[in-house]
Amino acid sequence: MASNASVLQKYLSLPQKGAIMAEYIWIDGTNNIRSKCKTLYEKPSSPADLPEWNFDGSSTEQAPGDNSDIYLRPVAIYPDPLRLGDNIIVLAECYNSDGTPNGTNYRHECAKLMDAHSGAEIWFGIEQEYTLFDNLGNPYGWPAGGFPAPQGPYYCGVGNGKVYCRDIVEAHYKACLAAGITISGINAEVMPSQWEYQVGPCPGIAMGDELTVSRYLLHRVAEDFGVTISFHPKPLKGDWNGAGCHTNVSTKEMRAEGGIAAIEEAIGKLAKRHKEHIAVYGEDNDQRLTGRHETASATTFSYGVANRGCSVRIPRSVAKEGKGYFEDRRPASNIDPYLVTGIIVETILGSIPDVDVAKQVLKA
Ligand code: ADP
Ligand code: MN
Ligand code: MN
Ligand code: MN
């Protein structure tokens, strides 16, 4: 339900008497975000200052009812743009009662890979596409029981009838900036009521962290407007575009003079592990990767310069300058970003003992 914003405003400005509201957020057993809030009496300067906490994992598809405690270990802090003041958002990893990472905690292995390869100075930029729905389950702003005019005028659209829900998008953009998220831009997408924002470039593990917090903020802002966010990769069947999470990648070597050689070498390695990558590039991604609507097929790997019908694209400007980054166009909008950034590092920079990114998902 949408909140009554003008009434809420009155209470939000009440004094907190030095207390800090810390909204702990985590990824649940269905790849959605959950949160709960704790009062602190001292301002933390790093995650190590924050208390570990717990929740009932049997209510979030993360634990059985007879052993339901899941522990939240803080890993990153962001200023809370919705509560302002000293209030914070606390990103947490989930651990079982025996101290092992919970089956949904893909950050744990990802962080090991990022640490092992920190010398490569890898950066990521993720283009998060998503779709807005009303409370009846229709794309937000679409005519009741019908369809808008076919795709064409909506991508980067301007003007009434060409663009939907810009208010929510603007509010989310500002909220991300205020939280210190490296949001690098937004644009309206090909399907009406579908949008994209980009986060990055972010180094290593920060990519997954910032994308997760940006998704939390998107759900929260849309909640205030009474609108539902869908990250499904093919939210509507038929001649409507799907939604992805194009993942842009560069290492120090790729960004340096002559870096195109390192880019081509990396793409060669990606070609050899297409299956493993597809396994962690999002559920129902096969509905999106059809070879139509600016996608490549899910079953074969391809790459090209400036080609948006390929699995991997080298931007024209990168080919021209002979250095920069490449774009992996395969990941779906509903990815776990730690799985995706983790397997890219594993494939192009090398595996490490006791870590196998795809296996975490395939075992389930
Ligand atoms: P597209 O043309 O595919 O729509 P966008 O402009 O939407 O591209 O997104 C490009 C993304 O690439 C942004 O998130 C940006 O931060 C990221 N990016 C730019 N340079 C680099 C780089 N050197 N390494 C990794 N990511 C980068
Ligand atoms: Mn884009
Ligand atoms: Mn896009
Ligand atoms: Mn792209």
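Computed from a prediction, not measured in an experiment: that's the story for all the values here. We count residues from 1, following the sequence as given. Both counts, for ligands and for their atoms, begin at 1 and track the order of listing.
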With heavy atoms only and a cut-off of under 4.0 Å, state how M254 meets ligand 1: side chain, backbone, both or neither.
-> neither
Ranked by distance from atom 5 (P) of ligand 1, the top protein heavy atom is E127 CD, 3.8 Å
If hydrogens are left out, which of Y325, F326, W123 has an atom nearest to atom 20 (N) of ligand 1, that is, the closest non-hydrogen atom?
-> Y325
Any idea which atoms of ligand 1 are less than 4.0 Å away from a heavy-atom of E327?
-> 3 (O)
Would you tell me which option among A306, S184, S250 has the nearest heavy-atom contact to atom 15 (C) of ligand 1?
-> S184
Consider every N or O of P201 and every N or O of ligand 1, then say whether any pair is closer than 3.5 Å.
-> yes
Salt bridge present between R73 and E52 (N-O < 4.0 angstrom) | yes
Just do the side-chain hydrogen bond (donor to acceptor under 3.5 Å, both in side chains) check on S214 and Y197 with the steps written out, would you?
-> CA-CA 9 Å; S214 75; Y197 64 91; 2.7 Å; yes
Name the closest protein heavy atom to atom 10 (C) of ligand 1, giving the residue it belongs to and the distance to 0.1 Å.
-> N248 ND2, 3.7 Å
Can you tell me the N, O or S atom of E196 that's nearest the Mn ion (ligand 2)?
-> OE2
Between R292 and D239, is there a side-chain N and carboxylate O pair less than 4.0 Å apart?
-> yes
Could you tell me whether E23 and K36 have a side-chain N and a carboxylate O separated by less than 4.0 Å?
-> no
So which bit of R308 gets within less than 4.0 Å of ligand 1, heavy atoms only: side chain, backbone, both or neither?
-> side chain
Are D80 and R83 ion-paired here, with the side-chain N under 4.0 Å from a carboxylate O?
-> yes
Say whether E61 and T30, considering side chains only, have a donor N or O and an acceptor N or O under 3.5 Å apart.
-> no
Which option out of G125, G200, S317 puts a heavy atom nearest to atom 16 (O) of ligand 1?
-> G200
Compute the shortest N/O to N/O distance between R329 and ligand 1 and return yes if it is under 3.5 Å, no if not.
-> no
Centres of the H219 and F231 rings: under 6.0 Å?
-> yes
So H277 and Y281, would you call those rings parallel, tilted or perpendicular, with 30° and 60° as cut-offs?
-> perpendicular
Specify whether W240 and F147 have parallel, tilted or perpendicular ring planes, treating 30° as the upper limit for parallel and 60° as the lower limit for perpendicular.
-> parallel
What are the atoms of ligand 1, with element, lying closer than 4.0 Å to any heavy atom of E196?
-> 7 (O)
At the Mn ion (ligand 4): angle between H246 atom ND1 and E127 atom OE2, to 10 degrees | 110°
Check the pair D328, R313 against salt bridge (Lys or Arg N to Asp or Glu O under 4.0 Å), reporting the backbone distance first and the verdict last.
-> CA-CA 7 Å; D328 190 339; R313 173 177 72 110; over 6 Å; no
Ligand 1 to R313, heavy atom cutoff 4.0 Å, flagged ligand atoms 1 (P), 2 (O), 3 (O)
Among the N/O/S atoms of E327, select the one at the shortest distance from the Mn ion (ligand 4) and name it.
-> OE2
